[in-house]
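Shown next, in structure tokens, is the structure this report addresses.
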Protein chains: 2
Amino acid sequence: MATMHDVARLARVSVSTVSYVLTGARPISQATRDKVRAAMAELEYQPHAMARGLASRRSRILGLLLPIDDRGLGATETAFVTGAASAASAAGYHLVLSPVDADDLDGLRRLASQRMLDGALLMEVQLDDDRVAVLREAGVPLVLIGRTGDTTDLSYVDIDFDRTVHDAVAHLVGLGHRRIVYVNHSAATIAEGYGPALRTRDAFAAAMAEHGVEPLMIPAEDSAAGGRAALATAFDRAPDLTAVLAMNERAVFGILGGLAGRGLTVPDDVSVVSMVTSPQVAELATPALTAMTSPGSALGRIAVEALLRHLELDSAPIHQELLPCTLEVRGSSGPPGRPTGDTTGAADAADPEASGTTSKNTARRRAATRRRA
Amino acid sequence: MATMHDVARLARVSVSTVSYVLTGARPISQATRDKVRAAMAELEYQPHAMARGLASRRSRILGLLLPIDDRGLGATETAFVTGAASAASAAGYHLVLSPVDADDLDGLRRLASQRMLDGALLMEVQLDDDRVAVLREAGVPLVLIGRTGDTTDLSYVDIDFDRTVHDAVAHLVGLGHRRIVYVNHSAATIAEGYGPALRTRDAFAAAMAEHGVEPLMIPAEDSAAGGRAALATAFDRAPDLTAVLAMNERAVFGILGGLAGRGLTVPDDVSVVSMVTSPQVAELATPALTAMTSPGSALGRIAVEALLRHLELDSAPIHQELLPCTLEVRGSSGPPGRPTGDTTGAADAADPEASGTTSKNTARRRAATRRRA
DNA sequence: ACGGTTAGTCGAAGCGTTTCGACAGACCGT
DNA sequence: ACGGTCTGTCGAAACGCTTCGACTAACCGT
């Protein structure tokens, strides 16, 4: 493997000159630069990452700190990770995946003092997250994905839950729904201060108030069974509900199953909209889910770019950005249909070639015929 | 930040002694070791990763080379990634995520010559994968996840597709099914030599032959629509089919939808078993899918451990290991029921509290009553 | 013609480790 | 009492780069 020395010798210049050609830290004449470039090409020179890192005190490595979770990453988180990785890679940086237990602060401190990370992205941030303080003390620039309660002087990117909920509610209200139930994460999750659950809860209340309708909210465990249970509660509390807005990717499938079990069809009898969902997951349901698509990979990219800006100029202003999920209408939402209590919802008869779109349209048409308003 | 020098001074020993305490490369007396340890603790010393990497020529960084895919990672791949990350982390290594376009061999070469990676894990290996040669030339030890066609001298971990298919078929045949259709990945995917598609295809033919029944195989695009289309073809070719074995996590949901659309219930009319699937995804379906659960995170762990063994001793024997997916019976498989053509499959009447298990059992019981054999 | 910039290059001193050779003692069998 | 092997420690030389200070030559306005 060729070193800078070899290049310098071949180009008949000093090592420092080669370095300057590479980094542009000082002006080098065109002629010399060409010579050096030629030598590098001939020797297939590649700078040694560790040596460069040691000398320059910049590793060009970014850390992605993900809590070593019980249930692994969802599709949204995965998209975030790959988005961040590509962005880092495009900028000539490396992204290391560091699973650190959320409350292993010593481990985190150790990681930070190894001086291997130029900066870090912190995933799954809690409203009150000690990791932030640890990283700051260690002098590691960071960007949060998500938000702590107090965001002063902190860069973050996060989903714009307010706007997302607002748009979702607007979609449903626009279709004519008045009785909308919001299925959130579990009570325990809410209690422990999980930001998205809290923020969407408040946003839902606000959005419903804005439309002058009463908000109904139900927590659900993150599972199909949880969704089913939540649905049962929902029907107890609001037998006349016509739409479900679900924050819970897992529960939503249980809700779908529960509706089918009651002989209710989607979207004719009940519309279902899923929050913060990836298209891949939305497409799995039948009918495909109308969903607020999470900007997973964009979040990753933006977070990395913001972090890099902090590294280039440490005077760079903090970056706080919220991205909304975008509404993608698929087959699971439509105008409210028959009055509730009508429970003759046998599945459509065989129509083997029916695509998602087709069935959506048929459903819509049928529902429209029956519309009460 | 304290350096080794500081520690040495405080402990009144030489720097090299401190180093030996740390690495154990040479014997150090208990007394000295204690002094040094105390000094390190007092100064909160942490070795500087880059310096150590430069001097020792070992970065303690492993690369995870993932193709910069169109559709992102599935649940299985994600589990693999996190499994690998934790294993690396537990061994004191770091895992960098390097998205490299599968045919950007120059980029790969560049990455490898930066000497930043002690070793690499190669994901989504094709039967004939040039990346292997590039990495070998660059002298980067590697472990494949998946297999190339020729695996001489190559370490890999992969799913034991033979056994997985075999077990799945045995499960269905054991329940009494004879007419089983195998839904594979798309024809294009098969044509381009995607290992899992080819291997499962052959394994399915073999397993069916073993039971003396005729194999029927149908390719499907990786989407719900693809699944629906495949199902239609399947019914054309084998109107009497009673079970579907699907290799395609996306298509399987289309198949489920398609069956419901025809008024067929699962598993009473048709059993569905999904191959290489994560529990999380299997639970999304209603009824929950009987599936061959992929050993995603175990694969990641094992791959890392094998790679580390190569790094410690470069004479370490190559590691080739196949892990089967394990059968997890959920609600979508049962004994074959009514004769095909019976199409009165209205969904079960409202039973809001029905859990996956309960409905599975009821289904079983009902189906058993009707069994023909 | 003169100090003052600026462009272009070089040599050397790090950066914080590991590792090699050397060496002093202790301990061995003979 | 004698070479020989171990144990424990040290100093110094890498590892391959960046960066600082210094120097030369050219160019500026006056």
Side-chain angles (χ1 to χ4, degrees), chain A residues 1-37 39-40 43-61 92 110 112-118 139 311-312, chain B residues 1-37 39-40 43-61 92 94 112-118 139 311-312:
Chain A
M1 212 91 307
T3 77
M4 231 165 153
H5 238 94
D6 304 328
V7 175
R9 188 152 14 105
L10 183 59
R12 307 185 162 288
V13 298
S14 73
V15 224
S16 46
T17 302
V18 178
S19 175
Y20 292 131
V21 168
L22 229 44
T23 63
R26 284 196 186 175
I28 296 290
S29 73
Q30 187 63 48
T32 320
R33 220 178 314 166
D34 291 345
K35 270 193 310 187
V36 172
R37 284 263 149 71
M40 296 202 292
L43 297 175
E44 294 187 355
Y45 170 75
Q46 276 294 122
H48 188 298
M50 299 281 133
R52 182 204 281 262
L54 178 58
S56 66
R57 262 141 283 220
R58 305 167 90 284
S59 62
R60 303 188 147 264
I61 297 180
R110 222 170 305 129
S113 358
Q114 291 191 123
R115 325 248 77 189
M116 161 162 283
L117 269 33
D118 279 357
L311 300 185
E312 314 294 327
Chain B
M1 212 89 312
T3 80
M4 232 164 140
H5 240 94
D6 304 328
V7 175
R9 189 152 12 105
L10 183 59
R12 308 185 161 289
V13 298
S14 73
V15 222
S16 45
T17 300
V18 177
S19 176
Y20 291 131
V21 168
L22 227 45
T23 63
R26 283 196 186 177
I28 295 290
S29 73
Q30 187 62 48
T32 320
R33 219 176 316 164
D34 291 345
K35 268 194 311 190
V36 171
R37 284 261 150 72
M40 295 201 294
L43 299 173
E44 294 188 356
Y45 169 74
Q46 276 295 123
H48 188 298
M50 298 280 132
R52 184 203 281 261
L54 177 60
S56 67
R57 262 139 287 209
R58 306 166 90 283
S59 62
R60 303 185 148 263
I61 297 180
H94 297 269
S113 1
Q114 293 192 120
R115 324 251 77 187
M116 162 161 280
L117 269 30
D118 279 355
L311 299 184
E312 314 293 328

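Letters A, B, ... mirror the listed sequences (proteins, then strands); counts begin at 1.
Closest to the B:Met4 side chain, of the nucleotides C:dG8, D:dT9, C:dT18, is C:dT18. Among the nucleotides C:dT17, D:dT18, D:dC10, the one closest to any side-chain atom of A:Ser19 is D:dT18. In the set C:dC10, D:dC17, D:dT18, C:dC10 carries the atom at the smallest distance from any side-chain atom of A:Ser16. Closest to the side chain of A:Ala51, out of D:dG16, C:dG8, C:dG16, is D:dG16.
Distances shorter than 4.0 Å separate none of the side-chain N or O atoms of A:Arg57 from OP1 or OP2 on C:dC15. For D:dT9, the OP1/OP2 oxygens have a side-chain nitrogen or oxygen of B:Thr32 closer than 4.0 Å. Within the structure, a side-chain polar atom (N or O) of B:Thr17 is placed less than 4.0 Å from OP1 or OP2 of D:dC10.
Between the side chain of A:Ser14 and the base of C:dG11, no donor-acceptor pair under 3.5 Å is found. Not a single donor-acceptor pair, N or O on each side, falls under 3.5 Å between the base of D:dT19 and the side chain of A:Arg26. You'll find a donor-acceptor pair under 3.5 Å spanning the side chain of B:Tyr20 and the base of C:dC20, going by distance alone.
Interatomic distance, A:Thr17 OG1 to A:Lys35 NZ, rounded to the nearest 0.5 Å: 8.5 Å. Atom CG in A:Leu22 sits 6.0 Å away from atom OH in A:Tyr45 (nearest 0.5 Å). Going from atom CE of A:Met116 over to atom CD of B:Gln46 covers 12.0 Å, rounded to the nearest 0.5 Å.
Residue contacts shown for A:Gln114 are absent, as no nucleic acid heavy atom lies under 4.0 Å away. Using a 4.0 Å heavy-atom cutoff across all strands shown, A:Ser56 reaches sugar-phosphate atoms only and no base atom.
In this structure, B:His5 atom NE2 and C:dT17 atom C1' are separated by 11 Å, rounded to whole Å. Spacing between atom NE2 of A:His48 and atom P of D:dC15 amounts to 11 Å, rounded to whole angstrom units. Between A:Arg9 atom CZ and C:dT9 atom P there is a gap of 20 Å when expressed in whole angstrom units. Distance A:Arg60 CZ to D:dC17 P: 14 Å, rounded to the nearest Å. Taking atom CE on B:Met1 and atom C1' on C:dT17, their separation rounds to 16 Å, with Å as the unit. The distance between atom CG of A:Asp34 and atom C1' of C:dG8, rounded to the nearest whole Å, is 15 Å. Here C:dG14 presents its C1' atom at 17 Å from CZ of A:Arg52, a figure rounded to the nearest Å. Between A:Ile28 atom CD1 and D:dA25 atom P the separation is 17 Å, expressed in whole Å.
For the pair B:Val13 and A:Thr23, both in contact range of DNA chain D, the more 5′-proximal nearest nucleotide belongs to B:Val13. Ranked by how close their nearest DNA chain C nucleotide is to the 5' end, A:Leu54 and B:Ala25 are led by A:Leu54.
There is no side-chain donor-acceptor pair under 3.5 Å between A:Ser16 and A:Ser19.
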Next on the checklist: Checking B:Arg52 against B:Arg60 for the side-chain contact (heavy atoms from CB on, under 4.5 Å) test, could you report, in this order, the C-alpha distance in whole Å, the side-chain angles of both residues, the deciding distance, and whether it holds?
Outcome noted: CA-CA 9 Å; B:Arg52 184 203 281 261; B:Arg60 303 185 148 263; 4.3 Å; yes
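The pair A:Arg9-A:Asp6 meets the salt-bridge criterion, with a side-chain N (NZ, NE, NH1 or NH2) lying under 4.0 Å from an Asp/Glu carboxylate O.
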